[in-house]
Structure formats: C-alpha cells, structure tokens
Amino acid sequence: MGTKIIFYIVAGLMILFSILSVSTTRVIRAAVYLLFVMMLMGGIYFLFGYNFLAGVQLTVYSGGIAVLIVIAVLLVHNIDHRMEKIPLIEYLWKGSVLLGGSILTIFTINQFPFKRIAGTEDVSVSKIGTQLLSLGEGGFILPFEVISILLLAVMVAAIIIAKGEVTKNEEK
Amino acid sequence: MDILSLLVVIPVITVLVLFFINDNQMVRIISALGIGIETILTLFIAKGFMAERAAGNSSEFLFTRDTVWFESLNIHYFVGIDGIALAMLLLTAIVLLAGIFISWNIEDLTKEFYVSLIILGTGVFGFFISLDLFTMFLFYEVAVIPMYLLIGIWGTGPKEYAAMKLTLMLMGASAVLLVSILGIYYYSGMTFNMQEIAQMEMPIHAQRFFFPLAFVGFGVLGALFPFHTWSPDGHASAPTAVSMLHAGVLMKLGTYGAFRVAMYLMPQAANEYSTFFMGLAAIGVIYGAFGAIRQTDLKYINAYSSVSHLGLIFFGMMALNKTAYTGAVLQMISHGLMTAVFFALIGMLYGRTHTRDVRKMGGLLKILPFIAVVYVIIGMASLGLPGLSGFVAEMNIFVGAFQNPDFIHRVFSVLAVSAIVVTAVYILRVVGMMLMGPVKNEAFYKLPKAVWYERVGALLVLLPVIAIGLAPMWLTTLIQESLGHIVEHLAAYGH
Amino acid sequence: MGDFTYTIWIFILPIAAFLITGLFGSKMPAKVSGWIGTASITVALMLALRTAYQYFIQVGFVEGHRPTVFAYKEVWMNFTETLTFDMGILIDPISVMMLVVVTFISFMVHVYSIGYMKGDKGYYRFFAFLSLFSVSMLGLVVATNIFQMYFFWELVGVSSYLLIGFYYDKPSAVAAAKKAFIVTRFADLGFLIGILLLSYHAGTFDFMTLVSEDGPLLAQSAPPVFMGLSIFGVALSLIFIGGAGKSAMFPLHIWLPDAMEGPTPVSALIHAATMVVAGVYLVARLFPAYHGVDGGVVLNLVAWTGAISSLFAAIIAMTQDDIKRVLAFSTMSQIGYMMLSLGVSGMEGHHGLGYMASMFHLFTHAMFKALLFLGAGSVIHAVHSNLMSDMGGLHKHMKITSWTFLIACLAISGIPIFSGFFSKDEILVAAFEHNKVLWAIEYIVAGITAFYMFRIYFGIFWGKRREYHHTPHESPMVMAIPLMILAALTMVVGWAIPFGNYVMPDRMAYHGHIEWSLAIPSVAIGALGIFVAYIFYFKETSLPEKVSSAFGQSYGWAKDKFYFDEIYQFFAHKMMFAGVAAPIAWFDRHVVDGFMNGVGWMTETFSYLLEGWQSGKVRQYGFSFVAGLLVILFAVLYLNGFIDFKG
Amino acid sequence: MIEGITVYDVLAVSTIIFFIGIFGFVTRKNLISLLISTELMLNAVALNFVIFNKFLYPGQIQGYVFSLFLIAVAAAEVALAIAIIISLYRMDNSVDADDMDTLKG
Amino acid sequence: MNNYLLMRDEFVLLGIILLLLVAEIMLIGKNRKAVVGIATGLFIVHTLVGFLPLAEGTMFGGSFRTNHLLHNMKSIMNVGVVILLLQTWTWAREEWSHKGRVTEFYFLIFSTLLGMYYMISSGDFLMFFLGLELASLPVAGLVAYDLMKMRSAEAGVKFILMAGVSSAVSLFGISMIYGISGSLYFSEIAQNFHLSGLGALGLLFFMSGLAFKISLVPFHFWTPDVYEGAPVPVTSYLSVISKAAAVFALAIVLFLIGREFVSVWKPAIYWMAVLTMTVGNLFALRQKNMKRFLAFSSVAQAGFILLGILSYDQMGMTSVVYFSAIYIFSNLATFGVVQVISLKTGREQMDDYNGLYRTNPKLALVMLLGLFSLAGIPPVAGFFGKFFLFMAAAAHGYYWLVIIGVINVTISLYYYLLVVRAMFLRKSDTPIESFQAEIPVKIGLALAVVGILFLGLYSPFYDFILNLTTNI
C-alpha cells in the first residue's frame, strides 16, 4: 500500500515535471525539470527493485545527459534567457491532436489483455552480468560489441564536429 | 539470330557505330547505309513471307522465334509477323529511310540527331515484330522517348513546350497501357504471349475493365479524339524527319496496338464498347477535318488532318468486320505514307520560305514545281482520290462500316463519310492559297529547287502511295489473310 | 459476240499520253506533247468507232436484245468474298455511244487546242490533263460496277479541277476550281453513301446485277424506311444527288458557270459535252433500277429536278453578258431536259421513249454544245474577251465561226433538220405523255432557249459594230476544221441516225417517228424566240434595256443568278467556317487542349500550394510525423474493428 | 511487481510522458528544448521496457537490458546532437529552431 | 555453437574500420591523401570477398542471422558503396584531406554501413535497434561534415533531432511488441504475436522508424532539407545505401513478424505508397536545386518500392530487392554527376546545367541514363525494376494502386525531363566548363552506367535474386 502511494506520488511528480519541462519558457529550467523527471524515473526503477538499472539511470541519464544539456544551455544562452512563445492556437490544436493520440494509445493499451508469465522475479546484477556476456540464447555479447562501435563512431563524429575546421596552416 | 531480330539489331549496330564517328558527312552516310540495309532486309523479309504463304504455310505468324527471357515471370522475347505487321514494317522502313534523306541538311549535333532518329526507328521495328506484350511495351516506350530530344533540340517554335507535352501525354498513355497489360497478363493465366492470350478467354469483367485502358492507352498515340492535342503542337514543332516518322509511323503504333492488343486480345469487350469508341472515332474524323479548315500553319493543318485520318482508322476498327479492318490497316499504311510525304514537303517549304503560314505563300507551283506537284498529288491522296492509296483505304472502311444496319452505326458512318467533303475543303484551300494564285512574295522567286536528297526522300514515299492506289489487291490479300484469324476470333463473340 | 478486248487500248493510249506528257512534258518541245496527246486520242477514236461498228452493226441483236458484253471484268479489290470492286469494260448501247461521244469530242478538242493553246506556258500540262480527263471519262462510261464508276467519277472531278484551275495564277480560276470540286464532292458524298447503302442491302456493286429483273433491287420489296422510300429508294435518291451534282442540276449547279474560268476547249469538252452529262449517264445506267424500285418514285425526283433546272438556267441565261456563262447555263438547261426525259420514261417499247430521247439529246447536245463552245472560243481567241458587250459585228471578220455558230444555235433552238430538233422533239413527246405540267415548262424553256441563243448569236456576230484594237480575224485552220466537222455533224446526225434502233431501255429496236402535232408548236415557239432575239439584237436598239427595266427587280435577280452563289457563300463561310470550323478550332485550342494543359497546370499549382508544408521547421516536421502516424494508426485500428464507435 | 498497481497504470504514465515529450517537440522553438523533449520520450520508452519486464516477464531480462542499451544510445545521441547544435551556434549565434529554415520548400 | 564465419562481412568491415584508425594514427602529420586509396582499395577487396558464398545460419542465440538473401543484400549495398567511394575519390582527396578529416569520413561511412549490416542481419529487436542507430547517428555527423557551411550544420541538426523522435517512436512500438510477445527475438515474437489493437499500434510505431529512414510520407520531411544541406557524397550515400538498407530491413521484418498483421500494415503501406509517390512527385516538380530535386525524386521512388512490399510474397520481395539494386545504380549515376559538377564548379542549381551536353557530353549522357532509369524508360534497367514492381502489385489485384503509380511515373517523367531539357535543349551563356574527371571517378560513373544498361536486360540477374528469395 505504501509503495502504491509512493508510486502514485512519483508518477504524478514525473508527469508534472514533464509538463513543466516542455512548457517553461526558460531553457535552463526545462533542463532542470528534465533532470527531475529522470531522477524520479530512477526512483521508480528502485521501486521495482531494479537497483542496477536505477543506478545507471541516475548516473548516465541524470548525471550525464541532463548535465550535458545544462552545460549546453549555459554555453548558448544567458541564464535567464526566455524563449519566445509560439501562438496559443498552435498550442491548442497540436495539443488536442496529441491528447487525442495519447487517449487512443492508452485506450488501445487498456484493451489488450496482458498476461503475466509466472516465474522468479530475480533479476540480480550477477545474472545481468552473466547474460550480457553470454554468447548463446539470451546473451547480449553481440549488442555489447555493436554499441561499443556505435559509441566510438558517435564519439568520432562528435569530435570532428566539435574540433572545427582544420585550415591548411594548422595542419602544417 | 533469326531474321526478324536482325531488324532490331541492325539499327542498334548502326547507332553503336555512329558513336565513334565525328564527321557529319560520314554520320549521314552511315545512317543511310544502315537504314538502307534495314530496308533491303525488310523487302527480303516481305519476299520470304510471300513465298512462305505461297507455299501454303498458313500459320498465323511467320518467322516466329520464342526465347525465354525472364523465366519466372513468363516473359519471353517472342517475335513473329503476319501480313499486317509486315505491311507496317515496310512502311516503317520506307519512311525511316526517307526521313534520313530528308534530314541530310541538319548541321547542329548531326550525330545525335541520327542516333535519336535511329533509336526511334529501332523501337518501332521492335514494336511491330513483337508478339510478346512485354517486349512490345518495351519497344513502344523506346520509340516514344527519343521524340523528346528530337523535338526539343532540333525543333522549331515553342519546341520545349511541345516536346514536353507530347512526351508526357504519350508516356501517360503508355502508363495506362501498362496497367492494362498487367491486367491481361493476370487474367489470362500469367502469360504475355499474345498468341496464347488470344486462345484464352479472359473473363468478361476483366475485359470490361482493361479494354478501355488498352484502347485509350494506344489511342492517345493514335490521336484518338479527344486525346489528340499533343499532336498539333508536337508536329508543329518537330523537325521534318521527326514529323514524318512520328505521324507516319509512330502514330501507327497506337492504331496497330489498339488493334493487336486491345481488340485482338479482348474481343468481347471490343464488341461491347464498339459503339462508344466508334462514335468517338467518328467525331474525331469530322472534328479533325473541321479543325484543319481554319488553321493557317501547314503543320497544324496536317496535324488535324492526321487526327481525322487516324480517326478513320479507329472508326474502321470499331466497325468490327473484315472489310473495315482491311480498310483500317490500309489506312494506317496509306496515312503513314501520305503524311510522311506531307511533312517532308512542308519541311522543304519551310526550309526555303522560312514560314509555314499558308497566307504568306502563294504561286509556289510556278517556283517549286517538284514540291508543289508532289504536294498536290499527296493532297489528292489525302482527300481520297481514286488511284491513290487513300481511296482504297477509305472505301474499305466505309463499306465495312455500312455492313451494320444499326441506326446509330449508320449515323456515325454517315458522319465519318461526310469528312470526305470537309477534307476536300481544307486540302484545296491550302493548295489554292499556297501553290496556286499569284506569287505573294518577290523574294520567293529566288528559292532553290528541290535537291537530290529531297527528291529521293519524297519519291521513296510517294511511289508506294500510287502503287497501292492503282493495284491494291496484293496488299489487301496480304492483310486479309492475316485478318482471317482475328475475324474468326471476333466472330466467336456475336458479331 | 465478237472480241472486244482491243477496247482496252482506248484507255491505255491516253494513259500513256498522260504519263509521257505529264512526266517529261517539260523536257520536250511544247508541240510534241500536243501531238502525242492528239495522236493517242485519234487512235482511241478510231477504236471507239470500230467498237461502235462492231457492236451495233456486226453483233446487232441477240435474241432480240442488244446484248451486254464484258470486254474485261477483273476484281480490282475485294471487300468481302461476295462484294467486289471490279474494274472492266462494259459494252452495251449507251456505253458504246458514250465511248464514241467522248473520244470524238475529245479528239475535236485536242485538235482545236493545238491551235487555241499555242504559246501557253502550260501547253504540255494542258494536254496531259486532257489525256487524264479522257481516260477518266472513258473509264466512267464503260464502268461495269458502280464502284468503278465512282472511281472514275472522282478522277473526272479532279481532272475538271485541274483544268478549271489551269490558269492557276488567276485567283478567280483557283476559286472556281475549288468551288467546282467541292460542290461536286458534296454531291458525291450522296453518291458514295448511296453506293455504301447498296453495298450492304443489295450486296453487290455490279451494274448488271443491280438492274437485272431478279437482282436484289428489283426482286425484293424492301419496307419503306424514309419518307415512303425503301432503303433502295433512298440509296438511289442519294446516288441521284451525285449525278445531279456532276450534271449541275439545281440547286447544285453553282459551280458550272464559274467553271468557265478554264480554257475554252476544256469548257467544250468537260463542261458541255462529256463530264456534265455523267449524271444523266448514271441515271440511265441504273435506269431499270430507278424505274423499278418503289414504283419509280425516284424518277419523279429526277424529272422535276431536270425541269426546274432547265427553266431556272434558261431564265438566268437570258440575262448574262459573258458568253461562256450563257453557254454554261444553256448546258445546264439542256441537261435538265435530259434528266426530265429520263424521269418521264418507262421501260418497254414506246414508254421507253424518254430514255431514248434523253440519250439522243445527250448525243446531239454533245455535238452542238461543243460546237458552240469551240465557236465561242474562237471568238474569244479573236477578241480577247468573254463579254458580249465587247463584241459585235464579227460576222464579216469570222465567217466560218459565224456560220458554224449559227448552225449550232439553230440546232439548240430545235429547228428542224438540225439535230437538236429531233432529240428535243422526242423529249417533249415523252414529257407530254407523262405529265402536262412538265411538258409546259419544257415548252416554254424551248422558246427561251431559242431567244437567248440567238441573243448571243446576234449580239456577237451582228448587232452594233465595235472598234477593236486588232482587227479580229478568223482562227487558224486547226481550230476551224473542228468547227466545220462538228457543224456538219450537227446538221446530219438528227435524221441520219435511227437512234431508237440503237438505244432503248429494253434494248429492243424502236422505230420512232416525229409527232408533228407536238413538233409544230415547239418549232413555232423556237421560231418565236429567234424572232424576238432578232428584233432585240440584230441591230443595236434600246429595246433590251426597256424590256429588262420593265421586269424590274426580277431581272436583277436573274442577272445575279438568283443569289445562289451568295446563299452558298453564306452557307460555306458563315455557317461552316464561322459557325462550325472556327468554334471547333477554338474548342480544340481552349477546351480540349486547355483541359490537358489544365491538368498540368493544376498539378503544378497544387505543387506550389503544398510548398508551405515543407516549411523547414523541425517542430512542424515532428508534428507531421506524429500526426501522420496517429492518423494512420486510427484508420488502421478502425478498419480492423479495434475501435468501434457503436459501443 | 507492486501490489495494487497494474501494468496499465504504469503504461498510462509512460504514455503520458511520451506524449508530453512529443508535445514539447512540436511546440518548442529552442533546439535544446527539442532535445530535452526527445529525452523525455526516450525515458518513457525505457520505462515501458522496464514495466513489461517487471510486470509480465519477470523471469527474463530482455526488457531490462534493452533499457540499459537505450540509455547508452540516448547518451550518444545527445552528445552528438549537442555537438552539432553548438557548432551551429558558433556559426549562427542562435539555437532558435525557427531560424533554422534556410532549407525548405 | 557459433560459426563465426557467418559474420564474415561484419568482421571484415570491422577490420577495415580498425585499420583506418591505425592508418590515421600512423599518418599523423603526413599527407592523408593516401587514406583515400587505402580505404577505397580495402573496401573493394571487402566487396570482392563479399561475393564469395556464405553459409546460412544464426549466431548468438538468434541475435544474428544470415542467409543468402541477406548476404547478397549486403553485397548489393557493397557494390553501391564501391561506386560511391570511387565517385567520391576526388572529393575526398581535394576537399577533405586538406581539412584533415578524410579518415573520419571513411570511418563514419563504414561504421554506418556496419550498422546497416547488423540491422538487416538482426535476429532480435535489440540488435535491430542498435544497427539502426549505428546506421543513423554517425550519418548526422557526416551530414554536418561541411563545418563552415551553415546549411550543412542545419541539415545535421534536423537530421539528428528527427532521428531522435523517430527512434523514440519506433522504440515505443518495439516496447509494445515486446510487451505483447514477451521476447525481443523475431522468431519468438512471430509465435506470440497475434492480431490485436496494441499489436497494430506497436507494429505501426515501429514501422514509422523505418519509414523515416526510407523517407516515406509523412515521415519524409527531413529528407530534402538534409539532402540539400549535406555534402553531395553524403547525400548520395543517404539516398542510396541508407535507403536501400532500410527498405531491406522493413521487408525482412515484415516477413518475419508481420504475417498475422497483414490487415494492419497493408492498408498503412498502401496509403503511404500513394502519399509518398504523389507528394514526392508534387514537390519534386518545382525544385531548382539538383540535390533537393533528387531528394524528392528519391522520396517518390521509395513510394514505388512499397508496391513490392505490399505484395508480400516471393515475387514482391524479389522485385523489391531487384528494384533497389537498380535504384542504387541509377541514383548513383545521377548523384555521381551532381557530385562531380558540384566539386568542380560548386554549382548545384538546375539552371546551371543548361547546355551541359555541349560542354560535357559524357557527363550529360550518364545523367541522362540515370534519369531515364529513375523514370523507368526502357531499355535501361529502371524500366524493368518498375515494371516488375507493378507486376508484383498487380498480382494481388492492386490495380488502382498501379494506376496511381503509373500516373506518378508520368509526373516524375516530367521533372526528370526538366533536367534533360536543361542539359540538352537549353543553351547557357555561362555553361559549366568542359573538364575531365579523375579516373576513379570515371570508373565509378562507368560502373553505374554499366549497371543501368545491363541489369535490366540481363535476366539472369533477376533469376538470381529470385533464387535468393525462395525461402522467405
């Protein structure tokens, strides 16, 4: 019962911060609200007992991504830069379309009779570790390899873009 | 290599050779040589064909060759000819050769011109020998697309517009046609082989859907009213040889295809739609003729006249009997030759006077006797004067059309027949204004007379007109023999 | 029955002449082409006469009838297995007669033209066309098959076109040629449709089958389809329209006067003696059919057309100043006689008198009308004008022409001894026996004819004396001799040839005699006409002006040919050109073409309308992405029944 | 598995966040805001995987691992995106999405 | 037991990528032009090796699967990349090696290609997702490769943001599919994935990610902007290789798990095909920039491919692969010419091409063939490709779709002819000067032309692909 209430509170806060994040006119605040959402989501993972995942969420997402965004915002904006607002009418009609979309989606989800597969609930870190490096069925060694290439490639891409043009003089 | 495929191979080789030649005169000679060989080959085939027939070979198509191409899709390279196709091949060879000669004076991008022209010719030859719908369609498009360059680069007047319009309308039509070909394929047991399809009975609902598509698809190229509007603009802007080839041969692809594909393969639907399309064709006949009356540009006159004459072909086809079919095929050949000469002459006149406006010319009979006399003769052929090919064709169509006592048929037939008067009006108007009367422009007195290649070109096409007009029997026999199968086929469905 | 195969040479020779002079005429001396043409037609004439001799005299009657002989009959083109387009040579009384007439007149005209056309730039061209015409006309008369007739019918038309437009740098000649061709072509449309109707309903084009007793036309009784006519009646009426057009019958006559723009020998040959009677010949050729189908109703049409035309033309002829035009209207009038005569004829024995008279008149008319034209040509050659008002008192300068012209005038006026009397008399008899009204019309026309013929005769050769730039002189002998030959024949053929013995609808011998009770009044009215003309025109008086002003407005109408040209002009230009062709041209440019262009334009406009969609703004892209996806999702869910609005 | 909470409840939450993310993406003008919205969406998706794994298929770890990878990929994406945005900012001195419409039509 | 040879293509490519890194390090301070030769040469070797037959099988418990079809799809893409690399030869040597970014270019290209390999070879959604991202994200770097060009960076931002949204949406779909079937493995999903509303939602959301990559309407908006802004070689790569890979992936995935959802995705694909063809064509009509023009043209082409996917049988699959192969050659021919001209003269507008035939006839002819092939004019290969696609669609009675398709072919012909008009009909006061391209570029263009000319007429090629698709 307690967890239930906590869940509802967390979920409520998450939705609230999400809304704030996309509606505030200050980018820096938006970034901060996003950080809150991520942290709250980490909280939910804790609630589910996925501690490892929650940790990753908090470190990578909240600690990495959100901070990166905040830095980016600071790089390109004054701290109290406000965005121009787009016309209300656009808000309303895009909002209503998306509201309709979300209702449709939730409706569709609710129509589907999910069935729980009985089994152990044990997702231990060690199991994850074993599985991640397993070569066989249910193993994730290959994705692991691919994501390493992905990260490498993205890093290279980010670097060339970030390092800027190398003029001839510099090369010499 | 079978003899019919050579018809496609020779032009291709000619084109390949042309790629390596840069001297303009050499290009002309090689083109003439290549197509000359092609013409001789065609005559050779004609001889062989008649010999085979004389020897009692009564199979529907001769010289057939069937090679599997895309096996899984049952696409074959299947060629063969019957009398009709043979006649069309002869027509093509003659007009193409004449076109090569007529274009002798093209200096700008000569090589490219001849290459495009010969590619066009390749498409046409391929089309007429094809018995497989896929190859037929392929060659059809090959024949159409060089038109864009030919008109666009070497044309006159609003050539870009005309070229674009022509290409788009024709390719749009071929697109419609494609749908119909696919329909035929799937409703006749997955084959493109026309002979096999003809033996099969497509379900009537499929015929009802696909017949108009095929007929109109080809009809656009045949300038079937009201899809003819590419033709006046296209012809007006095209260079001489292209007008010749286009009006003379390419438009026959439309009529031939409508006959060979739409009607031959879907006889039941042809029966059902006959009244509708007959009406359309009859309107086209009279409409084209009236349209020509008020034009002042020679090429427009001829283009509308083509609409009228091609309308007659469709009209003949839709009369659904052997006589009218014979007439329709004859009219294809006759109109092909006539209009080729017309355009050749118009090109010669334009090359000299730099105008195509009949109001600005006059008395040319005195100055350019050769061109003028040929023009008069062809004009007479066009208005159906006995002794020239037009008469033979028209009479067959008319007699055929009157073999149905249905009231509506009669109305359409009378409508179509009345065109002979209107045709006379516009032909004589041009002859009167342009060739006769006083010379309107002093400068015209200095115009050069026709040169050798122009004479060769014009006479090459003129002589068959007279030959057919005087002795039609050999040709009608050739055609009627081949029609036998088609007529039997149609007869099975109540007509 | 004799071998007639040599008749093919009657065609081959002129064809050869045509080809030689046409293709190489410009390369050879002018004279040579004239001689080639003349030589060929001379031989053709000989052969025609030989044919006539062989057919009428040597073969004579077979079982009491003049037989039909096919010298040649080959399938030229087959429409169906049974329906064929034959070419051949049909030998029967009227075709042999026509062979003679055509070759003879053609021969005369050839000879005459050698002189007349001398020095003309288009000399060779003229003879080439003459040869072409001769071939076509001969082909027409010997046609075995109605389609063969149509074939040559058209060729005759085009020869006529070429010859009328011979002076092609003269706009009036060009216009006249065009008019002649188009008007006759219009009539031919009727002819053609008639033939086409026969093709289906009769199933044959063969003349002999069409007119035979047990042929499809006469043996069957077809139900009426149009105004009481059966389908065959309709077809025959349509065919008659073709004949009427070629023969310049009212109201398709308007081309004939204008056709006088051609050289005069051409007028003599084509527009007086041969081509214009083709219509008569056509009706005669199908006469049994005309007579038998629907009880001969169509013949009434023929008769009345003839009567009206002859009266109409005669009235106009009185008022014209151009001698060739007078002769042209006179021709029309005389052909009207022939038509009427056919129209009132029956089949057997005496009832077939009209048919015989018609053919007889055709025969005599060919002689004297050719003579008139050639005479007129001779005058024009001398005076260099067509207008009567430029002429006068030529008798003393041109004796031969004058005398021969007088003979012809007497003949056409129906004065005894001269050929016209005999043939016209038979016509009046036939008309009188059939219908008194028709007879009355023709009777009056006979008087008018005499009047206007002598009006020109006196006006040219007598009347007031003119001053000429060059003193007119008699034509050279090469022109005069044909005149004299024709004059001699005009005097002779009427009484020398027992025409009824040769040409009758039932092909049996008929021995006619002159019906003096009708002949005397007609001679009288002819004489009256001559007398009036004598008073008016022999000496220069003011009488003609007075009389014409007494007629007031109606004289003007007649002089303006009752405005038929204007009516046609209105019809052609205002109705067809402005009312049909121009709207169609407009419609084609703007509606049909406009539609096609409109499709292109719309596509392009649509493309520009959509331009804003690709706004370059990411959030709009994102929205389109998601909204599009949601729409598809919704549609798919709905289609699969996962969303059900009913409950 | 949490007592009293069904999979539907959690899914509703994630869906709502997902759509809020989309809403942000389609209504914001700032490039970084767009990026933030994208992250919201990815977070929601990650939550989905976790929920399914937790509530329905607790015996396996596929959803769980997927979320892990997803987080990594999201990080890479953000890094690259920010690199490009900053590079753009260096040239244009603006990160307004509406200024970024030289390419259009 | 894993047979690592099955991953030969991936390993070799990965090896090349690593070698490039080594080369980059070795060449510090030296002229990096050599990298162009090394990379191109190595890749040609890789392509040739790729032609060697490969066994069929799966690895890593089904995460990775390969069979003849997949293997040859990779080979087709390889050939395309070879042509692209040859065409980019000059560009890389002249343009990028000066700016010190040449190795990275090849590195990124090969990485994305590797991503595509994994994408089409994937046996589960995780691999699929990673392949997709690997194929997308570095491309954003490539798109923004022209650092000093605003347009390039703008295109890069647009691409990565849209890619982010699309992958999020797609992942949402994947999560639903996972939720329904309890597995990420295609083989297991196929057993548990039955028609349901949520399944439909999942599948459609998932498909939208691929639709984004194939640039199907309404997921195509990034395409023209990115194509226009990106450097030409990258545009070429995006429009050809990347698109083909996505098409293959879509077809494969639909065959693997879409069996029971025919009633869901077929209407979706149907209407997307209609929209894609039409919108692509309508927008292409009025483009003046060649890259943008070709972008919309490639959008329209993608619409035609859907006809083959729609028919959902062996014939359809064959025609999809066949058309894609031909499309690669055709588009590479056109982009090759655009690339050469863009590099030499910096001109990319259609009007700049006026009179091209008179100054550079060979380039104009290559372009002509490419355009004709795209337009589906016989006898060049594009005709066969389109014809078979239409045949495949007609086989299932989609005649109205075929009619819409052929109407669109006609519209497309219009704008292809506009280019032809510029090159052949028009004359220009300032034509593109006559110049000679370098030999590798020429070879690249020539290879494309050879493909265009012979792939259609040479029927064994079709039969070969048909054999590959027997087991799907």
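In what follows, chains carry the letters A, B, and so on, assigned in the order in which the sequence lines appear, proteins first and then strands, with residues in each chain numbered from 1. When reading the values below, keep in mind they use all heavy atoms of this one structure, side chains included, and skip hydrogens, waters and symmetry mates.
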Worksheet entry | Trace of the side chain to side chain contact (heavy atoms under 4.5 Å, CB included) decision for Leu47(D) with Met14(A) | CA-CA 12 Å; Leu47(D) 182 56; Met14(A) 244 163 60; 4.0 Å; yes
Worksheet entry | ring pair (Phe, Tyr, Trp, His ring centres under 6.0 Å) against Tyr91(A), all qualifying residues, sequence neighbours excluded |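 By the ring pair (Phe, Tyr, Trp, His ring centres under 6.0 Å) rule, Tyr91(A) matches Phe23(D).
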Region of [X] that comes under 4.5 Å of a non-hydrogen atom in chain A:
{"X": "Ala81(D)", "answer": "neither"}
{"X": "Leu31(D)", "answer": "neither"}
{"X": "Ile84(D)", "answer": "both"}

Discussion item. For the backbone of Val26(D) and the side chain of Lys94(A), can you confirm whether one donor and one acceptor N or O come within less than 3.5 Å of each other?
Written reply: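 Confirmed, Lys94(A) side chain pairs with Val26(D) backbone.
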Discussion item. I'd like to know if the side chain of Tyr64(D) reaches the main chain of Leu53(A), judged simply by a donor and an acceptor atom lying under 3.5 Å from each other, with no hydrogens or angles considered.
Written reply: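 Checked: pair present.
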Determine the option with the most heavy-atom pairs under 4.5 angstrom with chain A, choosing from [options].
{"options": "Val7(D), Val78(D), Asn43(D)", "answer": "Asn43(D)"}
{"options": "Val65(D), Ile22(D), Ile51(D)", "answer": "Val65(D)"}
{"options": "Thr15(D), Val13(D), Val50(D)", "answer": "Val50(D)"}
{"options": "Ala74(D), Ser14(D), Ala44(D), Ser37(D)", "answer": "Ala74(D)"}

Discussion item. Checking Lys115(A) against Leu56(D) for the side chain to side chain contact (heavy atoms under 4.5 Å, CB included) test, could you report, in this order, the C-alpha distance in whole Å, the side-chain angles of both residues, the deciding distance, and whether it holds?
Written reply: CA-CA 6 Å; Lys115(A) 282 191 202 74; Leu56(D) 301 178; over 6 Å; no
Worksheet item: Taking the six-membered ring for Trp, is the centroid-to-centroid distance between Tyr8(D) and Phe112(A) below 6.0 Å?
Response: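 So the answer is no for these two rings.
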Could you tell me which of [options] has the largest number of non-hydrogen atom pairs under 4.5 Å with chain D?
{"options": "Asn110(A), Ile71(A), Val37(A), Val60(A)", "answer": "Asn110(A)"}
{"options": "Met155(A), Glu90(A), Gln57(A)", "answer": "Gln57(A)"}
{"options": "Ala11(A), Gly101(A), Gly64(A)", "answer": "Gly101(A)"}

Drop me the distance from [X]'s [atom1] to [Y]'s [atom2], to the nearest 0.5 angstrom.
{"X": "Phe69(D)", "Y": "Phe140(A)", "atom1": "CZ", "atom2": "CZ", "answer": "7.0 Å"}
{"X": "Arg26(A)", "Y": "Ser33(D)", "atom1": "CZ", "atom2": "OG", "answer": "13.5 Å"}
{"X": "Thr59(A)", "Y": "Ile71(D)", "atom1": "OG1", "atom2": "CD1", "answer": "8.0 Å"}

If you take all heavy atoms of [X] and [Y], which pair is closest and at what distance?
{"X": "Leu75(A)", "Y": "Tyr89(D)", "answer": "O-CE2, 3.9 Å"}
{"X": "Tyr50(A)", "Y": "Asn53(D)", "answer": "OH-C, 3.6 Å"}
{"X": "Asp9(D)", "Y": "Tyr8(A)", "answer": "OD2-OH, 3.4 Å"}

Item to complete: Measure Tyr45(A) against the heavy atoms of chain D and call it side chain, backbone, both or neither at under 4.5 Å.
Response: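 For Tyr45(A), the side chain is the part near chain D, not the backbone.
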Taking the side chain as every heavy atom from C-beta outward, state whether [X] and [Y] have any atom pair closer than 4.5 Å.
{"X": "Phe19(D)", "Y": "Thr105(A)", "answer": "yes"}
{"X": "Glu39(D)", "Y": "Ile69(A)", "answer": "yes"}
{"X": "Tyr33(A)", "Y": "Ile36(D)", "answer": "no"}
{"X": "Leu80(D)", "Y": "Ile161(A)", "answer": "yes"}
{"X": "Leu98(A)", "Y": "Phe25(D)", "answer": "no"}
{"X": "Arg28(D)", "Y": "Val27(A)", "answer": "no"}
{"X": "Ile82(D)", "Y": "Leu68(A)", "answer": "yes"}
{"X": "Phe17(A)", "Y": "Ile17(D)", "answer": "no"}

Item to complete: Any chance you could lay out the side chain to side chain contact (heavy atoms under 4.5 Å, CB included) test for Leu40(D) and Leu34(A), step after step, and finish with the verdict?
Response: CA-CA 7 Å; Leu40(D) 276 179; Leu34(A) 175 70; 3.8 Å; yes
Worksheet entry | Atom CG of Leu92(A): over 12 foreign heavy atoms under 6.0 Å |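 Count over threshold, so yes.
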Worksheet item: Which of residues 145-154 of chain A get closer than 4.5 angstrom to chain D, counting heavy atoms alone?
Response: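 Residues of residues 145-154 of chain A touching chain D at under 4.5 Å: Ile147(A), Leu150(A), Leu151(A), Val154(A).
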Item to complete: Anything under 30° is parallel, anything over 60° is perpendicular, the rest tilted; go ahead and classify Phe114(A) against Phe52(D).
Response: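 Ring orientation, 0 to 90° scale: tilted.
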